[in-house]
Each structure stands twice: as C-alpha cells, then as structure tokens.
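When reading the values below, keep in mind they use all heavy atoms of this one structure, side chains included, and skip hydrogens, waters and symmetry mates.
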Amino acid sequence: MSSLKPVRGTHDILPGDLRRHRHVENAAFETAGRYGFEEISTPIFEFTEVFSRTLGDTSDIVTKEMYTFADKGDDLITLRPEGTAGIARAFISSGLSHQLPLKFFYRGPMFRYERPQKGRQRQFHQVGVELLGVDSPLADVEVISIASDFLSALGVDGKVVCELNSLGDSDSRSAYRQTLVDYLMDHINSLSEDSRARLDRNPLRILDSKDKGDRAIIADAPLITDCLNDPSKRFFDELLEGLEISGVAYTLNPKLVRGLDYYCHTAFEFTTDALGAQGALVAGGRYDGLIKQMGGPQTPGTGWAAGVERLALMIDDPIGKKRPIAMIPIGNEAAELVLRLTQELRRAGHTIDLGYAGNMKKRMQRANKISACAAVIIGEDELSKNAVVVRDMDSGEQTEIPLSTLEDFLSRFL
RNA sequence: GUGGCUGUAGCUCAGUUGGUUAGAGCAUCGGCUUGUGGUGCCGAGGGUCGGGGGUUCAAAUCCCCUCAGCCACCCCA
C-alpha cells in the first residue's frame, strides 16, 4: 500500500490549496508584467552539467540535493533544483545575446532531495524573474522592486523584511575571503565542527551559522562591506539610492551570504519569521559571471526566485470562484429542454451546473452545497406554459418568466 | 544526512494502570418533507488503530524494525 502514497516530500495539491498557489503565481506574473517581463518556460530537466558547473562544486544543492539519473541513452540528467541555470542555458542555446536586455518571468516545479519540513518539500514550486544584459545597478533596483510590489500585492509585506548585502566583485570577494579566513583561523579551536569544515570550502557561509559559539566569533568578524573596492562600493551605493527613490524599504545585513557560487555584488532575501526555519520567501542577487562560465558571451544578470508553497502558507483563500446557476428539471419530459438550455447558457457565458440525477429535493440540496446563486426550475407546469421559474438562492425569491427571456433575466446574476 | 516529537473514521480529536463488538464532533448518506435547498429532529454507513514483527491468556495501549508528517540542525524558495 505504500505505493498508493505520494513519494516522500511530494504532495497532491487539491483545489483549495491550488487556488492559493495560483493566486501567488498570478500576482508575481502580473507584477513582473508591469515591469515589462515576459514569461519563459524551460524544461524541468537538463543535462546534469548545466547545474553542476554553475551552482558550484561545494554547494549543498550539487553535492547532495540533486535528483540525478541516467536516461536510456546513458545521458546524465538532473531534475532542475532551481531556475536560473536553465534560463542561462536557454539564453545561450537560443542565441539571444543580440536582443539584450532581456526580462524573463518563470514559474514551475523544482526538485531538491532534502528532508521535508513545513515549507520545504522535495518537489516544490517557484516563480522568479531574471534580467539579463544590464550592468547598471538600476537592474537590481528594478528586480528588487518587483519582489517588493509582488509581496505587497499578496498582502504579506507587513510580515516580511528585505535584507540586503553586497558581495562585491570577484576581487573584493576574494580579498574579503582571505581577510575572513585569517580572522577565523585565530579562533579555529572555538569554531563548531560544521564551521571548521566550511573554512576551506565556503568560509562566507560560516557567517550565518546558528551555532552559539560561532555566533560569538562572527560578531567581531570583519565585514564584507568594509572590504569592497571602489567600483563595488559605488555599485552598492547606487543600488541603495535607487531603492530609496523607488520607495523600497530594506535592512542592511552584512552577514547575508548566498549558497550558490555564481552570485556577485547584490544579494538579498525577503524573509519572515512566520514560517519557522524556512523563513526565506524570496531570494536572489546578481550573477555577472554565470553565462560566460557556462560557455556563453559575457552577459550580466540579476534576478530572484520565490517559493510558491511558502507564500501560499501566508495568505488566505482568495475564493474568487464563480457561483454557478443550477438547472433543476422535474420529470423526464423536461430533461431534453434542460440539456439544450444548459448548453446555450454556457455558450452565452454563464456557469451552469447540471445536477445529473435525483429528484427535485436532491437537486436543490446539491445546488445549495455548491453555493449556486440561482436555480432554474422546469417541470410540467412550466413546460405547458413555455416558461421557467428562477429561484434566487440567497433570498429564496422565485420568479416565473417566459422561456425566451431566460438568458436576459439571468444576466442579473453575472 | 543528524537529533527529537507525533501517527486512532474523509477532517479535528477522545480512548484512563494492556481487559468484552474502538468512541465523539464535523462531514457523508437516508428519513421527517411524493415540485423546493440552507436551520431543526431521527437514523445509517464508514476504522487492516500508518505498516511489519515480537512480548502476553489478552496490545490502539509495552518492545523492536520500517514508513510518513512535524520541530531543530544542515541548507535553502
């Protein structure tokens, strides 16, 4: 019977939940659309190298979270764990480098082999934006503004803060890395085991360690913002200025780092404390070296991704479902007319529920259960008079009208 | 991957120190109402007690294994 359960970390999304998911996706799509972004769709699996070469050999995603398998042609395939690498690949494959700048919106399932928790599943969904081909921090301002507007549209902006940091360009970053390692080496005996392992692999990540001992050491650690060279500093200043002009609130967090190797300069996260340890709702940054590293032309990029499930957990059911009109035939004589009427009304734009079976009482109960706004009743009396009875399901008021005026009469329920 | 908590009807949960046919509310279905729903009253169906093994005269209850969810770590959306 275990085969009748969904695979660990995957879930059926039933209509009630799916309404919230779609609402999240649509809010992102519409917001991005106002900034001129267009939707793109790339495959949900790629050759494994697309991810392993771009996300970094030391990232957890590559080392232990990828769903990878050999297909029948012995190609190594991976279910996408995130969206940016696939879009960068598509940009190169489709030769889009002459149409810059490009603004993409995407949505769809992602796959990560992790231990499930609330707000963290093995198959989950993201929406995201990518802006390619713009060196100016104006691109980052725009991308962060989209995220901010998107969260406001969902009504969760009060529960979210935008944390922001700069990782600088590669020179600044490697200078900082050295400074940080030097500092941490002086405290190596006090560092947690995890952090000692991170010291040569990815020392920046020690900055967001939750270990108490680590935190004490980190508190006095040198900050990346103090190691930025002039161009990086200027870039960051322009970004902050742009955000202020745009009216986007943010909090500087000099210890914010990103898990993936391809980020530079801008790094940000919209976080909440409403979801326990899974507080990151939207996260992103700039990735100027990614496309070149994949074998394409030097092309800067900046963008973010948001977790649909996490955001869906934070909003109420948007309802918004159209209330149907129920058709209630009484007796076999009315059946044919009712079916014909039903189809005419549907084609005229009404949402009609046909009860399929049962006596009048059963059909009325069903009409009530699906919260119909009106019931159209047709029995012997009505047939002989060439009329129908329309019952307003909220007031209980019934009106007999000539059959020919039904469609017009029902327009009051639209 | 590590540590911990939980797992009883479709849903939310009771189930006393192991002891007859495992309960409630909500939901579902039927009736009171043979052309009229929502409220009310009456009644019914529905459970391999997550799964497997063990201890015992007897296990939802105790032990082991396993699966899943949740919490923290890890990491991230």
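- In this entry B/C73 has B/G1 as its Watson-Crick or G-U wobble partner, both defining distances falling under 3.5 Å.
- For the residue pair A/Asp214 / A/Ser195, a side-chain donor-acceptor distance below 3.5 Å is found, with atom types taken as modelled.
- In the model, A/Thr271 has a side-chain atom that pairs as donor or acceptor with a side-chain atom of A/Glu163 under 3.5 Å.
- If you find the closest nucleotide of RNA chain B to A/Asp394 and to A/Lys369, the one lying nearer the 5' end belongs to A/Lys369.
- Here B/A77 is the nucleotide among B/A77, B/G37, B/G35 with the atom lying nearest to any side-chain atom of A/Ala305.
- Applying the Watson-Crick and G-U wobble criteria (two distances, each under 3.5 Å), B/A68 pairs with B/U6.
- Atom CD in A/Glu309 sits roughly 14 Å away from atom P in B/A77 (whole-Å rounding).
- Residue-level contact check: A/Asn359 touches neither bases nor backbone, having no heavy atom under 4.0 Å from any strand.
- Nucleotide B/A24: paired with B/U12 (Watson-Crick or G-U wobble, both distances less than 3.5 Å).
- Between A/Tyr263 atom OH and B/C76 atom P the separation is 10 Å, expressed in whole Å.
- In this structure, the nucleotide among B/U36, B/G69, B/A77 sitting nearest to the side chain of A/Ala283 is B/A77.
- A side chain to side chain contact (heavy atoms under 4.5 Å, CB included) with A/Leu102 holds for exactly one of A/Ile87, A/Val134, A/Leu96, A/Leu131; it is A/Leu96.
- Comparing B/A77, B/C76, B/G31 by their closest approach to the side chain of A/Arg205 singles out B/C76.
- Under a cutoff of 6.0 Å and an axis angle of 45°, A/Arg112 and A/Phe124 do not form a cation-pi pair.
- Applying the 3.5 Å distance criterion, the base of B/G38 shares no donor-acceptor pair with the side chain of A/Asn368.
- To the nearest whole angstrom, the two C1' atoms, one in B/G35 and one in B/A22, are 44 Å apart.
- Side-chain atoms of A/Met360 lie closest to B/G35 of the nucleotides B/C74, B/G35, B/G31.
- Spacing between atom CZ of A/Arg107 and atom C1' of B/A77 amounts to 17 Å, rounded to whole angstrom units.
- Contacts of A/Val282 with the nucleic acid, taken as non-hydrogen atoms under 4.0 Å apart, involve only primed sugar atoms and P, OP1 or OP2.
- Between the side chain of A/Arg310 and the base of B/C76 there is at least one donor-acceptor pair of N/O atoms closer than 3.5 Å.
- In this structure, A/Arg22 pairs ionically with A/Glu25, as a charged nitrogen and a carboxylate oxygen lie closer than 4.0 Å.
- Looking at A/Thr10 and A/Gln121, their side chains never bring a donor and an acceptor atom within 3.5 Å of each other.
- The OH atom of A/Tyr113 sits 20 Å away from the C1' atom of B/A77 (whole-angstrom rounding).
- Spacing between atom CG of A/Asp12 and atom C1' of B/G69 amounts to 15 Å, rounded to whole angstrom units.
- One finds no salt bridge joining A/Asp208 and A/Lys255 here, because no Lys/Arg side-chain nitrogen approaches an Asp/Glu carboxylate oxygen to under 4.0 Å.
- Residue-level contact check: A/Ile328 touches neither bases nor backbone, having no heavy atom under 4.0 Å from any strand.
- The shortest distance between the side-chain N/O atoms of A/Gln117 and the OP1/OP2 oxygens of B/A72 is below 4.0 Å.
- Between A/Phe29 and A/Phe105, a ring centre-to-centre spacing shorter than 6.0 Å is recorded.
- Distances shown here put a side-chain N or O of A/Lys361 below 4.0 Å from the OP1 or OP2 atom of B/G37.
- Atom name P, nucleotides B/A60 and B/U2: the rounded distance is 32 Å, in whole Å.
- Between B/C49 and B/C11, the distance separating the two P atoms is 16 Å to the nearest Å.
- Out of B/C74, B/G35, B/A77, the shortest distance to the side chain of A/Ile330 is found at B/G35.
- Note on A/Glu269: nothing from the nucleic acid sits closer than 4.0 angstrom, heavy atoms only.
- The A/Ala280 side chain lies nearest to B/A77 when the options are B/A77, B/U36, B/A72.
- The C1' atoms of B/A59 and B/G52 are separated by 15 Å, rounded to the nearest whole Å.
- Remark: the separation of the P atoms in B/U55 and B/C74 is 43 Å, to the nearest Å.
- When heavy atoms are screened at a 4.0 angstrom cut-off, A/Met393 is found touching base atoms of the nucleic acid.
- Scanning atom types as modelled, no donor and acceptor separated by under 3.5 angstrom connect the side chain of A/Gln365 and the base of B/U36.
- When rounded to the nearest whole Å, the span between CD1 of A/Ile378 and C1' of B/G35 equals 13 Å.
- For B/U2, its base sits under 3.5 Å from the side chain of A/Arg115 at one donor and acceptor pair at least.
- Taking the charged nitrogens against the carboxylate oxygens, A/Asp353 and A/Arg346 have no contact shorter than 4.0 Å, which rules out a salt bridge.
- Between B/G46 and B/C26, the two C1' atoms lie 14 Å apart (nearest whole Å).
- Remark: B/G38 base-pairs with no nucleotide; criterion is Watson-Crick or G-U wobble with both hydrogen-bond distances under 3.5 Å.
- Counting distance only, with no hydrogens placed and no angle test, the side-chain atoms of A/Arg120 and the base atoms of B/C74 include a donor-acceptor pair under 3.5 Å.
- Donor-acceptor pairing under 3.5 Å, judged by distance alone, is absent between the side chain of A/Arg363 and the base of B/G37.
- Among the atoms of the strands shown, none is found under 4.0 Å from any heavy atom of A/Gly284.
- Checking A/Gly119 against A/Ala372, the closest nucleotide of RNA chain B that is more toward the 5' end is the one next to A/Ala372.
- Of the side-chain N and O atoms in A/Lys118, none sit less than 4.0 angstrom from OP1 or OP2 of B/C76.
- Between A/Arg8 atom CZ and B/U66 atom P the separation is 13 Å, expressed in whole Å.
- Within 3.5 Å, a donor on the side chain of A/Glu382 pairs with an acceptor on the base of B/G35, or the reverse.
- Comparing the P positions of B/C32 and B/G38 gives an interatomic distance of 13 Å, to the nearest angstrom.
- Side-chain nitrogen and oxygen atoms of A/Arg366 include none within less than 4.0 Å of the OP1 or OP2 phosphate oxygen of B/U36.
- Comparing the P positions of B/G23 and B/G45 gives a spacing of 12 Å, expressed to the nearest Å.
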Working note: A/Arg34 + A/Glu30, criterion salt bridge (Lys or Arg N to Asp or Glu O under 4.0 Å); need CA distance, chi angles, decisive distance, verdict.
CA-CA 6 Å; A/Arg34 264 180 261 125; A/Glu30 281 161 23; 5.1 Å; no
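- Here A/Gly331 lies out of heavy-atom contact (under 4.0 Å) with every strand.
- Atom CG of A/Leu151 and atom C1' of B/A77 are 12 Å apart (whole Å).
- Figure legend. B/A59 is base-paired to no nucleotide; pairs are counted as Watson-Crick or G-U wobble with both atom distances under 3.5 Å.
- Under the Watson-Crick and G-U wobble criteria, each requiring two contacts below 3.5 Å, nucleotide B/G45 is left unpaired.
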